[in-house]
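Proteins come first, then strands; the chains are lettered A, B, ... in the order of their sequence lines, and each starts at number 1.
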2 protein chains.
Amino acid sequence: MREVNPKVFVSAKMVAERAGVSRSAVSRTFTDGASVSEETRRKVMEAAEALGYHVNHLARQLRERSNIVCLIVSDMTTPVRAGMLESLTRKLQAAGKITMVINTESNEESVGRALKLTLHYRADATVVLSGTPSSSLVHTALANGQQVVLINRDDGLHGAQNVGVDNGMAAKEALFLLRRAGCRRIGLLTSQARTPSLLARERCFTAAASACNLEVTVFEAGPTGYRSGYEAARRVFARSVSPDGVFCVTDLLALGFMDGARQEFGLKIPEDLCVIGFDNIEQAGWEAYQLTTFEQPLDRMAGHVVDLLTLPEPLPEPLRGRQSGGAAIFEPLPVWRRSVRAKPA
Amino acid sequence: MREVNPKVFVSAKMVAERAGVSRSAVSRTFTDGASVSEETRRKVMEAAEALGYHVNHLARQLRERSNIVCLIVSDMTTPVRAGMLESLTRKLQAAGKITMVINTESNEESVGRALKLTLHYRADATVVLSGTPSSSLVHTALANGQQVVLINRDDGLHGAQNVGVDNGMAAKEALFLLRRAGCRRIGLLTSQARTPSLLARERCFTAAASACNLEVTVFEAGPTGYRSGYEAARRVFARSVSPDGVFCVTDLLALGFMDGARQEFGLKIPEDLCVIGFDNIEQAGWEAYQLTTFEQPLDRMAGHVVDLLTLPEPLPEPLRGRQSGGAAIFEPLPVWRRSVRAKPA
DNA sequence: TTGAAAGCGATACCAC
DNA sequence: GTGGTATCGCTTTCAA
């Protein structure tokens, strides 16, 4: 049924020639709602089939929107990023969009380069999952009629659309849980990556503590990740006074911290130490950890992003996420597991 | 510096008009190696800057190759997939390619739909990370001059280029390790997803065992993942005779299996039970597991894929991976940790 | 219903 | 060095 290898993409022209019709006829055959006779359509389809023709969407959308959405992301092996990527690609596809992924460092320059690329590829929209582009670049994108969506950037850029999670609520709840467990020396473990989300969690947690006249010791680990959490535990528990309740700004840090505390100091969780994380990555539910944490509603957030990109108007009421200063903020879901005591030891 | 919002992508024509030159001049300014006077270039750059112009690569590549590479993948949150995706996107970008990600189910029909999409988008190449497209579709792609690369499909399709890992070698080594540890009742845990790779690991492992006159009990878990491993342990150790050494076809299964064995039956690893995995995902190195496993050289494999797509000729000798029947096979790297005893208990 | 022709944004080839 | 023109693959008038 199929012809010899042309080593070149089959074009509508080739199909037209073979079917003995005009190229317009071919175009119409593949445009729904266009008027073609049954006879012509049959001839065209037959030729197309034989040649292995596929409409060139890139050329088609030379006149209209490209339907391309760019995802700018760094550290995509991280469970949260991978999860967001999965959700976004799936939903975008379902909405008929094409997803272009740009893997970048999270510094402003790299993100900027990536954003320029999206302009070169005429993406209808860009979704930034990590890092923050300079506001002047965002404006260039906007000026080119491109939508820009920023995820989990609490320092939301003017002009861009922001989608995020309510860090403050989780931080407050975390403090409450640690207090209820009877923890007396409360700590917070953050990472050296001072992203807006992590900073917000830290700020809200310490603020909530001061409000109760509680002192919180802040520990800073290395880059966000398991290893950093582990090493942090090493340092934290080598001190004369060490915490008995710690809120870690991400699950990955928390899991490493738990392992470090148990392995290096023989601490029992939650008897000797209570730990709370943030994100609810899959591993937090693993038997070895059973980490109490807060779930980022990735799927709902992704859904909202897709709505922003597909719905014609500024999202109608009722909103899917709470709106605040132009940002859609989603409530994280507390997930109670076994890394925190239910009451004082 | 920047003009009012045109709400439409800026084109070379607009730049030309503003700079008072021809559109050819604009084109030349952005084509390196073209001859433009300093004066003209300056005027063009100034106008481009003011308007926020970016060359439209989609239109440019109407005449030449698109530079687009499509990645077809399912279950991208899985550590191995996420890792491969990370490596591929990074290297492809470095090679000047644009990456489109198609998130799909792994059944033939979904993969087929995805492959057709890549044709619509004139991708120069398609890399299939999961699932196998029908061979007729692969031929259509090939006939359109598109390269097709299949990763870890041991049933390698004719025409497509295959890149994989040597499952047989790992399986044999796994058996050796379990025997050296003095295990007497050896088992193999596989998943219900009977992908070519997993089947190969199973086949080679049992074959190696028969060669030593050893019997291997094969257990089948649910879908590849932690939960399935955990549940499998539940069933496996509820039996009157249970294994004391198990090769799990993926790390995720292994980790769940370990937790199940420890949590539900109080087994000590490696004293009571030796476990070996495959993939060397990050979590395998976590303190709670310290799983002995085999590392898939994702980075080297990705590098090879990119070579296939960028090097003009069929890859020259010396090859980066062992060549076998047109497939590039990479050796997995044994990673010795603590889930297997070094000698009999 | 059909084919011819214009146009989308960019590049290559021409004369000038 | 420069501007005009054809061309890439496609959709969309517009006449027939």
S.K.: Side chains of A:Thr40 and A:Ser37: do they bring a donor and an acceptor to under 3.5 Å?
M.R.: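 A donor-acceptor contact under 3.5 Å links the two side chains.
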
S.K.: Write down the distance between CG (A:Leu58) and P (C:dC8), rounded to a whole number of angstrom.
M.R.: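 Between P of C:dC8 and CG of A:Leu58: 18 Å.
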
S.K.: Mapping B:Thr40 and B:Leu62 onto DNA chain D by nearest heavy atom, which one lands closer to the 5' end?
M.R.: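 Nearest-nucleotide comparison on DNA chain D picks B:Thr40.
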
S.K.: Show your working on ring pair (Phe, Tyr, Trp, His ring centres under 6.0 Å) between A:Phe9 and A:Tyr53 and close with a plain yes or no.
M.R.: CA-CA 8 Å; A:Phe9 277 98; A:Tyr53 171 72; over 10 Å; no

S.K.: Show the numbers, then the answer: is there a salt bridge (Lys or Arg N to Asp or Glu O under 4.0 Å) between B:Asp299 and B:Arg90?
M.R.: CA-CA 10 Å; B:Asp299 230 55; B:Arg90 194 163 28 76; 3.5 Å; yes

S.K.: Measuring from atom CG of B:Leu137 to atom CD of B:Glu108, what distance do you get when rounded to the nearest 0.5 angstrom?
M.R.: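 It comes to 8.0 Å.
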
S.K.: Atom CG of B:Asn67 and atom P of C:dA10: how far apart are they, to the nearest Å?
M.R.: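 Result: 17 Å.
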
S.K.: Roughly how many Å is it from CE in B:Met14 to P in C:dA10, rounded to a whole number?
M.R.: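 Interatomic distance, CE of B:Met14 to P of C:dA10: 10 Å.
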
S.K.: In B/S/- notation, 5' to 3', how is nucleotides 10-16 of chain D contacted by protein heavy atoms closer than 4.0 Å?
M.R.: BBB----

S.K.: Between C:dG9, C:dT1, D:dG3, which nucleotide has the shortest distance from any of its atoms to the side chain of A:Ser37?
M.R.: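 Looking only at heavy atoms from C-beta outward on A:Ser37, the closest nucleotide is C:dT1.
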
S.K.: For the helix from C:dT1-D:dA16 to C:dC16-D:dG1, what angle lies between the axis at the first five pairs and the axis at the last five pairs, to 10 degrees?
M.R.: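 End axes: 50° apart.
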
S.K.: Verify the distance criterion only: is there a donor paired with an acceptor across the side chains of B:Ser106 and B:Ser130 at less than 3.5 Å?
M.R.: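 B:Ser130 and B:Ser106 do not have a side-chain donor-acceptor pair below 3.5 Å.
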
S.K.: Starting at atom CD of B:Glu39, determine the distance to atom P of D:dT2, rounded to an integer number of angstrom.
M.R.: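 Going from CD in B:Glu39 over to P in D:dT2 covers 9 Å.
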
S.K.: Among A:Thr29, A:Thr31, A:Val26, A:Val21, which residue meets the side chain to side chain contact (heavy atoms under 4.5 Å, CB included) test with A:Val36?
M.R.: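 Looking at A:Thr29, A:Thr31, A:Val26, A:Val21, the match for A:Val36 under the side chain to side chain contact (heavy atoms under 4.5 Å, CB included) is A:Thr29.
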
S.K.: Atom CZ of A:Arg65 to atom P of C:dC8: distance rounded to whole Å?
M.R.: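 Value for this atom pair: 16 Å.
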
S.K.: Separation of B:Leu119 atom CG from D:dG9 atom P, in whole Å?
M.R.: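 So the two atoms are 15 Å apart, to the nearest Å.
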
S.K.: Going by the rule ring pair (Phe, Tyr, Trp, His ring centres under 6.0 Å), which residues pair with A:His54 if we only count those two or more places apart in sequence or in a different chain?
M.R.: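 With sequence neighbours excluded, A:His54 shows a ring pair (Phe, Tyr, Trp, His ring centres under 6.0 Å) to B:His120, given in chain and number order.
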
S.K.: In sequence, state the C-alpha distance, the side-chain angles, and the governing distance for B:Arg42 and B:Glu39, and then conclude on salt bridge (Lys or Arg N to Asp or Glu O under 4.0 Å).
M.R.: CA-CA 5 Å; B:Arg42 195 191 49 70; B:Glu39 172 62 4; 3.4 Å; yes

S.K.: Let me confirm one number: the NE2-CZ distance from A:His57 to A:Arg60, rounded to the nearest 0.5 Å.
M.R.: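 Output value for this atom pair is 4.5 Å.
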
